[in-house]
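Notes follow the structure.
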Number of protein chains: 2
Amino acid sequence: MTMENGSNYTASKYRTPDGAPADIVIFTITSEPQPTATKSLPKRELQVLLIKRKVWPYEGMWALPGGFSRETESMYETARRELQEETGVDGVHMEYFNVYSGPGRDPRGWIISHAFFALVHEKYLAARAAADDAAEVALFPVSEALTRLELAFDHRRILSDALERVKQSMLVTPIAGEFLPDEFTLGELYQVIRTVVPDFEEANFIRKMKSTQSRSGVLEEIRDVNGEPKKSNRYSQRAAQLYRFTGNLPKLSLYS
Amino acid sequence: MTMENGSNYTASKYRTPDGAPADIVIFTITSEPQPTATKSLPKRELQVLLIKRKVWPYEGMWALPGGFSRETESMYETARRELQEETGVDGVHMEYFNVYSGPGRDPRGWIISHAFFALVHEKYLAARAAADDAAEVALFPVSEALTRLELAFDHRRILSDALERVKQSMLVTPIAGEFLPDEFTLGELYQVIRTVVPDFEEANFIRKMKSTQSRSGVLEEIRDVNGEPKKSNRYSQRAAQLYRFTGNLPKLSLYS
DNA sequence: ATAATAGTGTCTTTTAGACAGTATATT
DNA sequence: AATATACTGTCTAAAAGACACTATTAT
């Protein structure tokens, strides 16, 4: 302990926490080709990565990946490390969103848990799925994890909170891009948004995004080396314009 | 410790945190009547409440109010309790916004700090100002606290983060109401918003809020018992319509 | 009359929103 | 020819935005 000082500080006489873990809610969107007559958009589903616990408490139950923080690292670093160690995922979008500290939430003692969510493109999880024992690490549809699965600790609550947070951010930040390739069509974008926020309905989505001064600069059309619009027909007969996020963010407001 | 179990759990062999405090960034907006010829809107300024530390470390320096969490309470309860104990403030808007856990941030050891912000109407701080010793608890303009004051720990960073968060929320949630009476004029509302977000400029603010279907239901006009529009001339010769927040929140979106 | 805030009139441009229709290329 | 996605035409209504103008009333 760093106690080499001349004061009468006596924190040690108080009860201190038994641990401060980071838990990570890892979301991905899986996409499955549809068995249709011609090219079509894939079926997409929001999934969460869970780990089967191997030790007490809640042994054998599904839980969020995570682990205890060390004195030499920040909580964010803990989360990054655990993400890498437990799932092999690295360098993805990750945000801290809440602390879980209710008394009695962990039978091991006074454990204050710090919850992150990560948004991972399915391609980063492909390698992992092959390597890991599927019985110990698995993806579940979020709706199923919330309703049909009994999760360890208060992880159901954490997952539920994370989902709310991601839904919110989905419409207000460009995080949809985390589930998309660098270049995507507006049809794909719309589909990804709807996968996370099902009640987002915009009849004229494509038209609106194309007008409104390129939607205030959030997106931009991709052009090839000759300055010609770059298009893709991966999901459709008629080729669709490709877009990318610019990084620009208009300030949304209740008042403007 | 809650260790009455039959497992070989051995958290105690690992280093555990030396404390998990909650720190609270308490914002208020002061208003001072202007010495003008006729009635006018007051001068408003965003302020933060700080406490002068009486013990090591950082003895004598200004710091955010806060204190250590106990095993029997959640972090949120800790924050509420400290808010009440240290400043006498209760029942105000308070939100958790981040954790500060960088190694070495506290000379007392491994201290993981949980930061909240509170938004307090100045009327709640009036009583306190009289009771407390001004040398130990004081309000500072936020800009001054960030530039001219040297704060204890990493509290400058925490304050800075809190300010960013409140600026964001100001335009996207109805928290402006926390700094206003229940019934307010659009002039007051505009002034409060600008006090927190100086670069929010809306030439036609009042007009816009009155049109656009009552701004999507965020605000509503106040009517008196006879159904007549209720007005106030507290800040102007010509009486202005009074409004209140409805609690309705339109969903903002980059895409709609 | 002046000051300080609270509005309104008027006009142009942009956006929203609905809905039918056309475009493209694979099967 | 049917299919699945990607658009475009056309219209109407609503909102944004600029800016000059009027309204109110304590001093």
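Because only heavy atoms are used, hydrogens play no part in the values below, and waters and symmetry mates are left out as well, while side chains stay in. Chain identifiers are assigned alphabetically (A, B, ...) following the order of the sequence lines, protein sequences preceding nucleic acid strands; residue numbering begins at 1 within each chain.
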Where at least one partner belongs to residues 116-127 of chain A, residue pairs that pass side-chain hydrogen bond (donor to acceptor under 3.5 Å, both in side chains), sequence neighbours excluded: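 Of all non-adjacent pairs touching residues 116-127 of chain A, those that pass side-chain hydrogen bond (donor to acceptor under 3.5 Å, both in side chains) are A:S31-A:E122.
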Any A:K39 side-chain N or O less than 4.0 Å from OP1/OP2 of D:dT5: no
Give the rounded distance in Å between these two atoms: [atom1] of [X] and [atom2] of [N].
{"X": "A:M209", "N": "C:dT15", "atom1": "CE", "atom2": "P", "answer": "13 Å"}
{"X": "B:K43", "N": "C:dA4", "atom1": "NZ", "atom2": "P", "answer": "16 Å"}
{"X": "A:L41", "N": "D:dA6", "atom1": "CG", "atom2": "C1'", "answer": "10 Å"}
{"X": "A:F205", "N": "D:dC7", "atom1": "CZ", "atom2": "P", "answer": "12 Å"}
{"X": "B:L242", "N": "C:dA6", "atom1": "CG", "atom2": "P", "answer": "11 Å"}
{"X": "A:I206", "N": "D:dT8", "atom1": "CD1", "atom2": "C1'", "answer": "12 Å"}

Can you sort out the partners of [X] under side chain to side chain contact (heavy atoms under 4.5 Å, CB included), two or more places apart, ordered by chain and number?
{"X": "B:K52", "answer": "B:W62"}
{"X": "B:A145", "answer": "B:V48, B:L50, B:F140, B:L149, B:L159"}
{"X": "B:R244", "answer": "B:E183, B:E220, B:I222"}

Residues B:Q237 and B:T38: side-chain donor-acceptor under 3.5 angstrom: yes
Residues which pass salt bridge (Lys or Arg N to Asp or Glu O under 4.0 Å) with A:R157, listed by chain and number, not counting sequence neighbours: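 Testing A:R157 for salt bridge (Lys or Arg N to Asp or Glu O under 4.0 Å), a comparison that skips the adjacent residues, returns A:D161.
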Sugar-phosphate, base or nothing in reach of A:S40, heavy atoms under 4.0 Å: sugar-phosphate
Steps toward salt bridge (Lys or Arg N to Asp or Glu O under 4.0 Å) verdict (B:K230, B:E228): CA-CA 6 Å; B:K230 189 171 174 190; B:E228 293 302 303; over 6 Å; no
Contacting residues from residues 221-241 of chain A, given that a heavy atom lies under 4.0 angstrom of DNA chain D: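 Of all residues in residues 221-241 of chain A, the ones placing a heavy atom under 4.0 Å from DNA chain D are A:Y235, A:S236, A:Q237, A:R238, A:A239, A:A240, A:Q241.
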Stretch residues 183-201 of chain B: residues that reach within less than 4.0 Å of DNA chain D through a heavy atom: none
With 3.5 Å as the limit, what N/O pairs link the protein to nucleotides 17-21 of chain C?
{"unit_1": "C:dG17", "atom_1": "OP2", "unit_2": "A:K208", "atom_2": "NZ", "d": "3.3"}
{"unit_1": "C:dA18", "atom_1": "N7", "unit_2": "A:N204", "atom_2": "ND2", "d": "2.9"}
{"unit_1": "C:dA18", "atom_1": "N6", "unit_2": "A:R207", "atom_2": "NH1", "d": "3.0"}

For [X], check ring-ring contact (aromatic ring centres under 6.0 Å, His included) against everything at least two apart and list the hits.
{"X": "A:F200", "value": "none"}
{"X": "B:F205", "value": "B:Y190"}
{"X": "B:Y235", "value": "none"}
{"X": "A:F184", "value": "A:F245"}

